[in-house]
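This structure is a prediction, so every number in the text was calculated from the model and none was measured. Convention: sequence-line order gives letters A, B, ...; per-chain numbering from 1.
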There are 2 protein chains.
Amino acid sequence: MNDGDEGAGQEPRPKRADARRNEETLLNAAATVFLTSGVEAPVRDIAAEAGVGMGTIYRHFPTRADLIIAVYRHQVERLAESGPALLETSATPHAALGEWIDLFVDFLVTKHGLAGVLQSDNAGFETLHAYFLDRLVPVCTQLLDAAAESGEIRSDLQAYELMRGVGNLCIGADSDSLYDARRLVELLVAGLRQPR
Amino acid sequence: MNDGDEGAGQEPRPKRADARRNEETLLNAAATVFLTSGVEAPVRDIAAEAGVGMGTIYRHFPTRADLIIAVYRHQVERLAESGPALLETSATPHAALGEWIDLFVDFLVTKHGLAGVLQSDNAGFETLHAYFLDRLVPVCTQLLDAAAESGEIRSDLQAYELMRGVGNLCIGADSDSLYDARRLVELLVAGLRQPR
DNA sequence: TGGGCAAGCGGAGCCTCGCTCCGGAAACGA
DNA sequence: TCGTTTCCGGAGCGAGGCTCCGCTTGCCCA
């Protein structure tokens, strides 16, 4: 509720034009740099790519987490919205859960290093962690509950744990390499099935 | 074979007394610091704890990976040896696999941050990665093969992938928190069962 | 249109951390 | 005791995160 994107309470101030322009520029630059150098790229690089000073980055996005959130917000929102939709269109709730998790894995795997940073216990990423949790755990809970109710899976696992497990499995899975995170996640989800 | 611990080929030189003493001191200091600050603790801290200069650390252990390996070598060896033993004493190969993986998880979870560093793609940790792989993957393969032969589990998963998955699941699981890596690993192993 | 001023900008600079390098100290053999 | 060789310590460099403050610029009002 209150996803105040630009109007929190009473309009504080209209924000200057150059500031808005810079924010836009920064978002694009960050997206570019994240793509090539990963989400842990040096702040200086992002500033350089955007052609602004570092102060500007820190003013708009006090922590790296804020920047990452801003860059990927759209995709996360779409992921969150797809949960209920899948529940409608899929054959069974368990299938819906599986497909949704697939989308989640796709998202993480294509964002170089995001999974790692998400689980990192380094200070400064709690915001990021919290955002993902706030946005996605409820969706996952809904899918999980539906599947549990239909008796397809065991019901003793929290959505938080499942998502964190999936996130962990995606660490270091950059579409190359001998490590296929999707396989492992499949196994994990398979392990959820009721052992009837 | 040739686990040359101190005699590689022809004895090169007897090594000075103070050097040996320092190595011992460093190992203890590192163990202590790893325990309190995790395996990514600043090198300076370890040097301080040991009461030596940083040069001394780097001379004995050129990379952090070397130091970590030295500190945990004993435990890893014991883990490796326990594989065949479990195969003897356990009810079924799949049970043996499960128990061995439990030991692996215990090891990772009690070493603050080790799992994270193991999967990290930062340069400098390949040695560590390689050591764990060399030492443990064959053991895991043996257990996996035995379980596959007995028809208990699917046979399309490499030991490497399994271990990496387990390692990933252990990231950030520091015995506290709402995240119980053991549970997730159990699920993963359960997912391995033949879906007959 | 022009003047005043807060919002905004940029990057020098400080801090931490990894790692190197070399002058000096200490051990060992004769 | 002395020479040689090994070993030690920490100053110092580069990289990266983050801050701070003097300068610039958009905006509003007369």
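- Nearest-nucleotide positions on DNA chain D place Lys15(B) closer to the 5' end than the other of Lys15(B) and Arg44(B).
- Side-chain atoms of Tyr160(B) and Arg164(B) include a donor-acceptor pair closer than 3.5 Å.
- By the 4.5 Å heavy-atom criterion applied to side chains, His74(A) and Glu77(A) are not counted as neighbours.
- Side-chain contact between His60(A) and Thr56(A) is present, with heavy atoms from C-beta onward closer than 4.5 Å.
- Rounded to whole Å, atom P of dC28(C) lies 9 Å from atom CZ of Arg20(B).
- At whole-Å resolution of the value, CD in Glu23(B) and P in dC7(D) are 10 Å apart.
- Per the geometry, CD belonging to Glu24(A) stands 16 Å off P belonging to dG8(C), to the nearest Å.
- For Arg21(B), counting side-chain heavy atoms from C-beta on, the closest listed nucleotide (dA27(C), dC9(C), dG17(D)) is dA27(C).
- Between the CD atom of Glu40(B) and the C1' atom of dC17(C) there is a distance of 12 Å, rounded to whole Å.
- At the phosphate of dG8(C), neither OP1 nor OP2 sits under 4.0 Å from any side-chain N or O atom of Asn22(A).
- With distances taken from any side-chain atom of Ala17(A) to the nucleotides dA11(D), dC27(D), dC8(D), the minimum falls on dC27(D).
- Here the side chain of Met54(A) is nearest to one of dT20(C), dA27(C), dT19(D), namely dT19(D).
- Comparing Gly55(A) and Thr63(B) by the nucleotide of DNA chain C whose heavy atom lies nearest to each, the residue mapping closer to the 5' end is Gly55(A).
- In this structure, the CZ atom of Phe125(B) is 13 Å from the C1' atom of dC19(C), given to the nearest Å.
- Across the protein-nucleic acid pair, Asp18(B) atom CG and dA26(C) atom P stand 10 Å apart, rounded to whole Å.
- For the pair Arg59(A) and Val43(A), both in contact range of DNA chain D, the more 5′-proximal nearest nucleotide belongs to Val43(A).
- Mapping Pro62(B) and Arg16(A) onto DNA chain C by nearest heavy atom places Arg16(A) closer to the 5' end of the strand.
- Taking the centre and axis of the six-membered ring of Phe107(B), the NZ or CZ atom of Arg78(B) falls outside the cone set by 45° and 6.0 Å.
- As rounded to whole Å, 12 Å separates atom C1' of dG10(C) from atom CG of Leu26(A).
- Salt-bridge formation is detected for the pair Glu23(A)/Lys15(A): a Lys NZ or Arg NE/NH1/NH2 atom is positioned less than 4.0 Å from an Asp or Glu carboxylate oxygen.
- Rounded to an integer number of Å, the gap from Tyr58(A) OH to dG11(C) C1' is 13 Å.
- Residue His60(A) has a polar side-chain atom (N or O) positioned under 4.0 Å from OP1 or OP2 of dC9(C).
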